[in-house]
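Please read the structure below before turning to the comments.
Below, chain A is the first sequence line, B the second, and so on; all start at residue 1. Quick caveat: nothing in here was measured; it's all calculated off a predicted structure.
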2 protein chains.
Amino acid sequence: MTDAAADSPATPPPSPWERERPARTHAAPARTPLSRERVVEAAFAVLDRQGLDGLSMRQVAAELGVTVSALYAHVHSKDDLLELMYTRLFDGFEVPEADPERWQEQLLDFARAGRQRLLSHRDMARISMAHVPFTAELLPHVEGLLAIFRTAGLPDRIAAEAGGLISTYIDGFVLEEGMWQDRAAQQGGDASSLARPDWREMAGEMQNYFASLPEANFPHLRALSGLMVTDSSDERFDIGLQIILRGLASYLPDQPDRPVPDD
Amino acid sequence: MTDAAADSPATPPPSPWERERPARTHAAPARTPLSRERVVEAAFAVLDRQGLDGLSMRQVAAELGVTVSALYAHVHSKDDLLELMYTRLFDGFEVPEADPERWQEQLLDFARAGRQRLLSHRDMARISMAHVPFTAELLPHVEGLLAIFRTAGLPDRIAAEAGGLISTYIDGFVLEEGMWQDRAAQQGGDASSLARPDWREMAGEMQNYFASLPEANFPHLRALSGLMVTDSSDERFDIGLQIILRGLASYLPDQPDRPVPDD
DNA sequence: ACCTGAACACCGTTCAAGT
DNA sequence: ACCTGAACACCGTTCAAGT
């Protein structure tokens with residue numbers, strides 16, 4: 001029984017962080033009745049159409065052709081529903097086996113995948129920021145991330161902070177991306193272009209605004225006007241990531257080409 | 001005309017980012033009537049008492065002894081009110097003159113002050129995350145921060161990302177701090193201890209939980225159980241900050257013997 | 001066992017009417 | 001000029017009642 005590790009994801013018992021949730025409906029009934037899964041699915045549909053501010057229990061019920069009160073047999077509350085959506089984001093995502101030789105690439109992949117996951121549903125970053133992955137289902141992901149840091153050789157107290165730092169960066173970056181899109185959508189398209197408003201225009205406006213600032217007061221903002229807001233978020237995302245990765249690398253025992261402190 | 005820089009904070013014209021706002025009430029009337037400032041003040045009072053989820057226009061009106069509709073003469077909407085609260089957070093805060101010799105200390109001070117500002121009102125990090133400091137009033141702060149990066153010698157595209165990276169870190173860290181306190185409050189104290197619920201207990205619970213995980217599946221989480229959640233957030237905050245600062249420092253041309261100032 | 005209907009106690013925002 | 005009162009179109013959640 002010592003190889004229980006290789007067995008399954010081995011979801012641990014609920015942590016003190018999480019609230020209890022009503023027991024699942026045990027037997028799967030006949031003609032596709034409501035289920036927790038269907039409620040979550042409908043919630044994603046509403047989210048993508050209306051955004052988080054338009055995501056109400058009543059809208060989810062309408063999406064399912066059902067009364068509001070019917071939802072409460074399957075989810076404990078709206079907060080519970082949001083937590084389920086947050087958790088479902090990690091479905092089918094595995095942190096790879098930590099490889100000390102490739103820890104930086106593994107981290108890059110992890111972060112990029114995380115961003116893509118958040119981009120897969122509207123306002124998902126806002127939902128993600130409101131949660132912490134310390135629930136039983138998500139702890140394996142945390143463990144996998146910590147494994148990368150520790151087997152790479154990072155000191156424990158650095159490894160303990162690194163996961164939160166990177167996750168916060170991902171959430172924050174995508175949150176900001178979403179804000180630009182929202183602004184562009186609400187300024188530009190009155191009725192159409194709901195799906196993919198080209199915020200390129202807004203980026204251009206902001207660049208012009210920064211470039212038009214008085215030179216005497218805002219020399220640096222003017223100088224960086226072309227870089228602060230760009231339409232290629234992918235590059236900007238990677239740069240921030242590299243800053244963090246280089247910071248982490250500076251804590252490794254021997255990495256000769258970088259300024260390493262002697263403590 | 002060239003020394004306009006030394007004149008005043010020189011608030012630039014509104015950026016494309018910001019929405020219009022109803023014109024301020026011009027003349028200050030007699031007997032302390034409503035004003036934008038009083039509305040914001042009342043909103044902070046409600047926020048500190050009820051939290052962001054309990055902050056409603058109706059509660060703010062009640063705080064002022066006034067009808068809800070009266071508020072709309074002074075703020076354009078609830079979103080507008082939240083933006084005013086966000087902006088007011090920066091009042092009386094100056095980014096220091098950039099000193100290339102002391103850029104790391106200046107950044108440390110900036111970040112610590114930012115965290116303290118967020119901690120000064122309940123749920124303030126949640127409000128902060130929903131905003132971007134690209135409004136006319138806040139651009140001087142952004143400029144001051146960029147000045148520190150650029151005069152330190154960081155490449156432009158690194159400087160352009162560094163501000164957002166650090167701000168995101170601050171917001172994210174304080175957001176998480178607040179979540180712990182909320183959890184502790186709603187688990188423990190039923191009626192009393194509203195102001196300062198000791199979440200020390202909850203931290204202990206989480207540590208025990210991590211330490212109790214099956215060794216086979218969660219070796220790293222177990223090993224770091226004492227570090228992941230601690231009651232001294234100050235240290236944890238500084239560690240994340242140091243990771244970022246070292247990452248930034250790695251982009252400087254040659255700074256061989258001077259790593260980040262250690263505690 | 002599962003869902004409906006109705007109710008409760010809230011929301012943000014608007015607008016005619018008062019003073 | 002400034003505020004009130006009432007209304008509109010929403011919320012999350014609960015619970016007795018139906019089938």
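- If you take CG of Leu81(B) and C1' of dT13(C), they are 14 Å apart, rounded to a whole angstrom.
- Between Asp53(A) and Arg126(A), at least one side-chain N (NZ, or NE/NH1/NH2) sits under 4.0 Å from a carboxylate O, which counts as a salt bridge.
- Using a 4.0 Å cut-off, some side-chain N or O of His74(B) falls inside it from OP1 or OP2 of dC3(D).
- Scanning for side chain to side chain donor-acceptor pair (under 3.5 Å) contacts around Arg58(B) gives an empty result, with sequence neighbours left out.
- When the salt bridge (Lys or Arg N to Asp or Glu O under 4.0 Å) test is applied to Arg49(B), the partners found at least two apart in sequence or on another chain are Glu63(B).
- When the P atom of dA9(D) is taken as reference, atom CD of Gln50(A) falls 18 Å away, rounded to whole Å.
- No donor-acceptor distance shorter than 3.5 angstrom exists from the side chain of Glu83(A) to the backbone of His131(A), with no hydrogens or angles considered.
- Nearest-nucleotide positions on DNA chain C for Lys78(B) and Val68(A) put Val68(A) closer to the 5' end.
- Where pairing requires Watson-Crick or G-U contacts shorter than 3.5 Å, the helical stems of DNA chain D with at least three consecutive pairs are C:4-8 with D:12-16, C:12-16 with D:4-8.
- With sequence neighbours excluded, no residue forms a side chain to side chain donor-acceptor pair (under 3.5 Å) with Asp91(B).
- Between Leu71(A) atom CG and dG12(D) atom P there is a gap of 10 Å when expressed in whole angstrom units.
- Residues satisfying the salt bridge (Lys or Arg N to Asp or Glu O under 4.0 Å) test with Glu177(A), not counting sequence neighbours, are Arg115(A).
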Hey, what are the protein-to-nucleotides 5-7 of chain D N/O distances that come in under 3.5 Å?
residue	atom	partner	partner atom	Å
dG5(D)	O6	Ser69(B)	OG	2.6

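- Contacts of Val66(B) with the nucleic acid, taken as non-hydrogen atoms under 4.0 Å apart, involve only primed sugar atoms and P, OP1 or OP2.
- A distance of 6.0 Å or more separates the ring centres of Phe218(B) and Phe210(B).
- One can place OH of Tyr72(B) at 17 Å from C1' of dC2(D), the figure rounded to the nearest angstrom.
- Summarising the geometry, the separation between CG on Asp80(A) and P on dG12(D) is reported as 14 Å, rounded to the nearest angstrom.
- The CE atom of Met57(B) sits 18 Å away from the P atom of dC10(C) (whole-angstrom rounding).
- With hydrogens and angles disregarded, no donor-acceptor distance shorter than 3.5 Å links the side chain of Thr67(B) to the backbone of Ala70(B).
- Of the candidates dT13(D), dC3(C), dC11(C), the closest approach to any side-chain atom of Gln59(B) belongs to dC11(C).
- No donor-acceptor pair under 3.5 Å is formed between the side chain of Asp171(B) and the backbone N or O of Ala125(B).
- The distance between atom CG of Leu64(A) and atom C1' of dC2(C), rounded to the nearest whole Å, is 14 Å.
- Using a 4.0 Å cut-off, no side-chain N or O of His76(B) falls inside it from OP1 or OP2 of dT13(C).
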